[in-house]
Amino acid sequence: MLKDKSLRTICLATGNQGKISEFESLFVDLPVKMYLKPKGFEVEETGDTFAENARIKAISVARETGYWAIADDSGLCIKALNGAPGVFSSRYGKSDLERIQRVLGELEGCDVRNAYFSAAICVASEDGSVLIEVAGLSKGLITFTPRGERGFGYDPIFEIESLGLTFAEMTKQKKAEFSHRGKAFKKLKPLLKKLFSDYPFP
Ligand code: IMP
């Protein structure tokens, strides 16, 4: 059992409950103590890409808190909408329900349902240096009606074709296997482990 002082403190630069629980499962067997970013500390997402936004958030939160910070930026890109909502995924409506309704409305009468989720993750140190950057992608189809109760965001309308299930119909473990963030986590984990062994604990 690791002593508390041997744990590396990392600040998670999100307030999104759905993402927090996915990050908790990433850290479950790593020597990490996770803190959430200070309430009210909002970082403007001014980047044109998921990678840029993840970098902006990780660097700002690391500098603000004095801890290493980890941030993700992610979103849904829909072929028939020329990649929208993309980096505007969280701003495509006032609530998850409104955002889902908007997407389904914009796709009404359209049979081209191809879409993908993309996630970029960045880890930055307290001085604002970028330590790790990874990305993950998950291809799927936009359903005609929402299905499932689990997950968050656009999960009820994003189906993995080979399974015939939306993310909202999957267990957490199944979603992690197929999701953009789950795939990015798989790349991130060995890099984080290496980083911990390269850097002495504070
Ligand atoms: P941000 O990365 O916090 O700027 O926002 C990403 C937005 O994309 C979220 O608020 C969700 O609406 C959507 N999103 C990202 N990842 C997922 C996911 O795994 N499932 C469903 N929606 C997601």
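The analysis underlying the following values was restricted to heavy atoms, covering all of them including side chains, and did not include hydrogens, waters or symmetry mates.
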Sorted by chain and residue number, the ring-ring contact (aromatic ring centres under 6.0 Å, His included) partners of Tyr35 (sequence neighbours excluded) come out as Tyr67
Name all pairs fulfilling the salt bridge (charged side-chain N to carboxylate O under 4.0 Å, His left out) condition that reach into residues 51-65, sequence neighbours left out, sorted by first residue then second. Glu45-Lys57, Arg55-Glu133, Lys57-Asp73
Kindly say whether Val61 contributes a backbone atom to a donor-acceptor pair with the side chain of Thr65 at under 3.5 angstrom? yes
Ser138 side chain to Phe178 main-chain N or O, any donor-acceptor pair under 3.5 Å? yes
Is it true that the NZ or CZ of Arg102 lies under 6.0 Å from the centre of Tyr92's six-membered ring and within 45 degrees of the ring axis? yes
Is the Phe167 ring parallel, tilted or perpendicular to the His180 ring (thresholds 30°, 60°)? parallel
With a cut-off of 6.0 Å (strictly less than), are more than 12 heavy atoms of other residues, nucleotides or ligands near [atom1] of [X]?
X: Tyr116; atom1: OH; result: no
X: Phe41; atom1: CZ; result: yes
X: Glu98; atom1: CD; result: yes

What is the distance from atom NZ of Lys183 to atom OG of Ser118, rounded to the nearest 0.5 Å? 11.0 Å
Drop me the distance from Ile157's CD1 to Leu107's CG, to the nearest 0.5 angstrom. 7.5 Å
Could you list the donor-acceptor pairs under 3.5 angstrom formed between side-chain atoms of residues 184-191 and any protein atom two or more places apart in sequence or on another chain?
{"unit_1": "Lys187", "atom_1": "NZ", "unit_2": "Ala135", "atom_2": "O", "d": "2.6"}
{"unit_1": "Lys189", "atom_1": "NZ", "unit_2": "Leu26", "atom_2": "O", "d": "3.3"}
{"unit_1": "Lys189", "atom_1": "NZ", "unit_2": "Asp29", "atom_2": "OD1", "d": "2.7"}

If we count only N and O atoms by modelled type, under 3.5 Å, do the side chains of Thr14 and Asn16 hold a donor and an acceptor together? no
Can you check side chain to side chain contact (heavy atoms under 4.5 Å, CB included) on Leu141 and Asn114, steps first, answer last? CA-CA 5 Å; Leu141 299 173; Asn114 309 68; 4.2 Å; yes
